[in-house]
Amino acid sequence: MKKQIVILLSMVILSVISFTSCEPFIENKITARNLAAAEVRLNIRGQIHSIPVGETLVLNDFKKGSFEYETIYSVPAGATEFAAEGDVSGEIILNAGTEVLIVYTSTLVEGSYTVYGSMTSTDDINRPDPFDDEENP
């Protein structure tokens, strides 16, 4: 009887380890790197995250879904005009295991400061979501 309990307990422990070890493979992550001349802030999911110059922000607590985001940027001293271009606002779509990288850069030419946002994703935009059950939307 003791041998059966030990075998059963071992199987339960192995099952728990097997199911929890798959979780890191389906983690979604958003990384924002600030290479601009001034601080930028990422407004996503009702929170503002500050990213100082030269720093990187990693957000890895996202579930599958679609998230709106906005960029708020500081203007360096000496700038008389300012603008933002590229992927500085919009929607981020996360499927299972998606990693998104947003890189902020900037230029300051004759008093005109421009922040540029560039976003890339590990997802193939034509790839069907393996966890999407099309029968039950």
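Along the sequence shown, the residues carry numbers beginning at 1. In this text the structure is predicted, and so the values were computed from the model without any measurement.
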> Among the clusters formed by ILVMFWY side chains lying less than 4.5 Å apart, do V100 and L35 turn up in the same one?
Replying inline: no
>> Donor-acceptor pair, distance only, cut-off 3.5 Å: does the side chain of N34 make one with the backbone of G54?
In response: no
> Can you name the nearest heavy-atom pair linking D61 to R45, along with the distance?
Replying inline: O-NH1, 3.0 Å
> If every non-hydrogen atom of A84 is compared with every non-hydrogen atom of Y73, which pair is closest and at what distance?
Replying inline: CB-CE2, 3.6 Å
> Nearest 0.5 Å, what's the CD1-CG distance between I30 and N60?
Replying inline: 10.0 Å
> Do the ring centers of F67 and F62 come within less than 6.0 Å of each other?
Replying inline: yes
>> Counting C-beta onward and ignoring hydrogens, is there a side-chain heavy-atom pair between I72 and I48 closer than 4.5 Å?
In response: yes
> Where do T31 and T56 land on the side-chain contact (heavy atoms from CB on, under 4.5 Å) test, with the steps shown first?
Replying inline: CA-CA 7 Å; T31 303; T56 300; 3.5 Å; yes
> For I44 and E68, which heavy atoms make the closest approach, and how far apart are they?
Replying inline: CG1-O, 3.6 Å
>> Counting neighbours of CD on E91 that are heavy atoms of other residues, nucleotides or ligands and sit closer than 6.0 Å, is the number greater than 12?
In response: yes
> If you count the non-hydrogen atoms of other residues, nucleotides and ligands that lie under 6.0 Å from CZ in F82, is the total more than 12?
Replying inline: no
>> Are Y104 and L59 linked, directly or through intermediate hydrophobic residues, by side-chain heavy-atom contacts shorter than 4.5 Å (ILVMFWY only)?
In response: yes
> How long is the span from the CG atom in N28 to the CD atom in E99, to the nearest 0.5 Å?
Replying inline: 9.0 Å
>> Whether the side chain of D87 engages the backbone of M119 through a donor-acceptor N/O pair (distance < 3.5 Å, no angle test) should be reported.
In response: yes
> Can you tell me if D123 and T98 form a side-chain donor-acceptor pair at under 3.5 Å?
Replying inline: yes
> Taking atom types as modelled, is there a side-chain donor on Y113 or T107 under 3.5 Å from an acceptor on the other?
Replying inline: no
>> On a heavy-atom basis, which atom in A32 and which in I51 lie closest, and how many Å separate them?
In response: CB-CD1, 3.5 Å
>> What I'd like to find out is whether the side chain of I102 reaches to under 4.5 Å of the side chain of I92, using heavy atoms alone.
In response: yes
>> Can you give me the closest heavy-atom contact between K29 and V58, atom names plus distance?
In response: CD-CG1, 3.6 Å
> Can you list the steps and then say if Y69 with L42 is a side-chain contact (heavy atoms from CB on, under 4.5 Å)?
Replying inline: CA-CA 7 Å; Y69 78 99; L42 181 63; 3.7 Å; yes
> Applying the 4.5 Å side-chain criterion to the ILVMFWY set and letting contacts propagate, would Y116 and L101 be lumped into a single cluster?
Replying inline: no
> S50 versus E55: any side-chain heavy-atom pair under 4.5 Å?
Replying inline: no
> Under 4.5 Å between side-chain heavy atoms, hopping through other hydrophobics if needed: is there a path connecting L57 to L94?
Replying inline: yes
> For the residue pair V75 and A79, what are the closest heavy atoms and their distance?
Replying inline: CG1-CB, 3.3 Å
>> Strictly distance-based, threshold 3.5 Å: is any side-chain N or O of S106 a donor or acceptor partner for the main-chain N or O of A36?
In response: no
>> The test is side-chain contact (heavy atoms from CB on, under 4.5 Å); show your working for T71 and R41 and say whether it passes.
In response: CA-CA 6 Å; T71 302; R41 293 172 195 85; over 6 Å; no
